[in-house]
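Below you'll find the structure, written out as structure tokens, and then a few comments.
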There are 2 protein chains.
Amino acid sequence: MGNLHITIQVPPALYIKNPDTSALGRKIIKGAIELIDRLGFENFTFKKLGEYIKVPESSIYRYFKNKHLLLFYLINWYWNWLDYKVYLSTINIENPDKKLENILNLVLGDIDEDRVFSHINEKALSKIIPSESVKVFYNKQIEEEKKQGFFEGYKSLIKRISGVILEINPAYPFPQLLSTTILEGINRERYYDEHLPSLIDKTTDQPLIDFYKHLIFNSLKQTK
Amino acid sequence: MGNLHITIQVPPALYIKNPDTSALGRKIIKGAIELIDRLGFENFTFKKLGEYIKVPESSIYRYFKNKHLLLFYLINWYWNWLDYKVYLSTINIENPDKKLENILNLVLGDIDEDRVFSHINEKALSKIIPSESVKVFYNKQIEEEKKQGFFEGYKSLIKRISGVILEINPAYPFPQLLSTTILEGINRERYYDEHLPSLIDKTTDQPLIDFYKHLIFNSLKQTK
DNA sequence: ACAAATATAATAGTAATACTCCTATTTACC
DNA sequence: GGTAAATAGGAGTATTACTATTATATTTGT
């Protein structure tokens, strides 16, 4: 990709000072991803992060109001990044079936680092997504956060996948429900695969991929 | 149902003293469900619960080690209760399609209070399930909690639904994946319906019911 | 009916969390 | 080289998440 200058944008209300504009900010993001991965979000604190990256706790507060918004920043960045990757993987392709296949390979496959994007290691980030991303949804501040546009990236991603689904079958009535089922389902099953493996059917070599392909194929072909 | 004496059992390691054995315990459970509903689990504390039900904070600690285990108690009770309801709704029925329909009506319909079960208001409890139940899954203690059997109720529920799916189509390769997709999906979409309604397709009168019926029907009929 | 056991109330205390605020020092920039 | 901005470093506060203790009820067995 050479020297493309592309930055993933997140709603500015997520941060106090944009972490991708300074070395300290980038250090905070990198350290936060690693430490959330190690400790889990519940046990992660700004104090521990400060010790981990050898930065005063108070300096972290100059970038993020609290740990919830730091997590939301990361998740939002991920949604926007994935939205962009989905966009790239479907552009210039005629066949909508092929588009959907590319999307599935993206979300079901391993994420490999693409170092186009500045300060975030996508591979490390994608490790914490299955377990931590739900935590930005289910809380009482959601109505406030909606007003500030914190879910626009997620909606855009869902609508992009829905668009491809409708290209395959314009009569299919539930493109968004199917898209969220796939995206969130993959996160959940990835987590189960690690922690509740008895709940993953082992009838094929790649049950997750096969399950979702089977689900999508049969849902979309039938109503045609 | 008259005077059946049935109690839903949860793993004893979830509590210090069984809350359904005393008036105070039942008061704690009732108050906890209400307060978690109002505040959300993150803002819920034992101190606030104590003030709410006019009981010293320290007395609550004699029943539950911490608020996470109190939530887990509630969620576990819900899984076991739902497992029992699913069992009841399929017993003595010959036709597996009809069994699955009954299960779907159970998990997709409104929960109405059935006062067979002692100390828990199922209707109130089911209000907090969509937003709070995920919070017992995604944390670093899961491996410890698995060892203590905290997920056995959930597994039993999934396996019961899977069993019916296999009755309908013994060749279907992903009965458990489909069961979790339905159960967890319904929780998610219920929450979205309230907080992110633009992500729910409005192409039919009852999109959630229709989506899941469509999904299941097409997944199960195809492979036959 | 009474003693013994158990449960609850009421209060105090502690370490950690989630911040805010202030000042000294360093770094960046014109 | 001077000024503004950023960071380091630390102090301080309210809340959270507990533990511990003692006094007072309440229940239970005989």
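What you see below is based on every heavy atom in this structure, not just the backbone, and it leaves out hydrogens, waters and symmetry mates. A, B, ... follow the sequence lines: proteins, then strands. Residue 1 opens every chain.
Qualifying side chain to side chain donor-acceptor pair (under 3.5 Å) partners for K30(B), counting only residues two or more places apart in sequence or in other chains: E34(B). Y61(B) pairs by the ring pair (Phe, Tyr, Trp, His ring centres under 6.0 Å) definition with F46(B), not counting sequence neighbours. Residues passing the side chain to side chain donor-acceptor pair (under 3.5 Å) test with T203(A), sequence neighbours excluded: none. In this structure S131(B) satisfies the side chain to side chain donor-acceptor pair (under 3.5 Å) test with no other residue, sequence neighbours excluded. Every residue two or more places apart in sequence or in another chain that forms a ring pair (Phe, Tyr, Trp, His ring centres under 6.0 Å) with F151(B) is listed here: F72(B), F137(B). For E143(B), the side chain to side chain donor-acceptor pair (under 3.5 Å) partners are H195(A), K146(B), not counting sequence neighbours.
Nucleotide dA18(C) holds its C1' atom 12 Å from the CZ atom of F41(A), rounded to whole Å. Between the C1' atom of dA16(C) and the CG atom of L49(A) lies a distance of 17 Å, rounded to the nearest Å. To the nearest angstrom, C1' of dA7(C) lies 14 Å from CD1 of I16(B). Atom pair E42(A):CD and dA17(D):P shows a separation of 12 Å (rounding to whole Å applied). Distance, N43(A) CG to dA17(D) C1': 13 Å, rounded to whole Å. The separation between K54(B) atom NZ and dA10(C) atom C1' is 16 Å, rounded to whole Å. Atom CZ in F44(B) sits about 12 Å away from atom C1' in dA17(D), given to the nearest Å. If you take CZ of R62(B) and P of dA7(C), they are 7 Å apart, rounded to a whole angstrom.
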_For nucleotides 24-30 of chain C, give me one character per nucleotide, 5' to 3': B if any protein heavy atom sits under 4.0 Å from the base, S if the only such contacts are to the sugar-phosphate, - if neither._
-------
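Sequence neighbours left out, the pairs with a member in residues 147-157 of chain A that pass salt bridge (Lys or Arg N to Asp or Glu O under 4.0 Å) are E144(A)-K147(A), E152(A)-K155(A). Pairs of residues two or more places apart, or lying in two chains, that qualify as side chain to side chain donor-acceptor pair (under 3.5 Å) and include a residue from residues 35-49 of chain B are D37(B)-K127(B), R38(B)-Y52(B), E42(B)-K135(B).
The backbone N or O of K65(A) lies less than 3.5 Å from no partner atom in the side chain of Y15(A), so there is not a single donor-acceptor pair.
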Heteroatom pairs (N/O) under 3.5 angstrom, protein to nucleotides 24-29 of chain D:
none

Pairs under 3.5 Å (N/O, protein and nucleotides 19-22 of chain C):
residue: dC19(C); atom: O5'; partner: Y61(A); partner atom: OH; Å: 3.3
residue: dC19(C); atom: N4; partner: E57(A); partner atom: OE1; Å: 3.4

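Each end of the helix from dA1(C)-dT30(D) to dC30(C)-dG1(D) gets its own axis, taken as the rotation carrying the C1' atoms of four end pairs onto the next four within a five-pair window, and the two axes meet at 30° to the nearest 10 degrees.
Of the candidates N187(B), L157(B), L183(B), V107(B) forms a side-chain contact (heavy atoms from CB on, under 4.5 Å) with just one, namely L183(B).
Backbone-only engagement by Y63(A) is indicated by non-hydrogen atom pairs under 4.0 Å involving sugar-phosphate atoms exclusively. Here K47(A) lies out of heavy-atom contact (under 4.0 Å) with every strand. Residue K48(A) is classed as a sugar-phosphate contact, given heavy-atom separations below 4.0 Å to backbone atoms only. Note on K27(A): nothing from the nucleic acid sits closer than 4.0 angstrom, heavy atoms only.
Relative orientation of the Y154(A) and Y192(B) rings is perpendicular, given thresholds of 30° and 60° on the angle between their planes. Ring geometry, Y73(B) versus F64(B): the interplanar angle exceeds 60°, so the pair is classed perpendicular (tilted spans 30 to 60°).
Heavy atoms of other residues, nucleotides or ligands lying less than 6.0 angstrom from CD of E194(A) number 12 at most.
Regarding contacts with the backbone of dA9(C), a side-chain N or O of S59(B) is found under 4.0 angstrom from either OP1 or OP2.
Between D20(A) and R26(A) there is no salt bridge, since no side-chain nitrogen of the basic residue lies less than 4.0 Å from a carboxylate oxygen of the acidic one.
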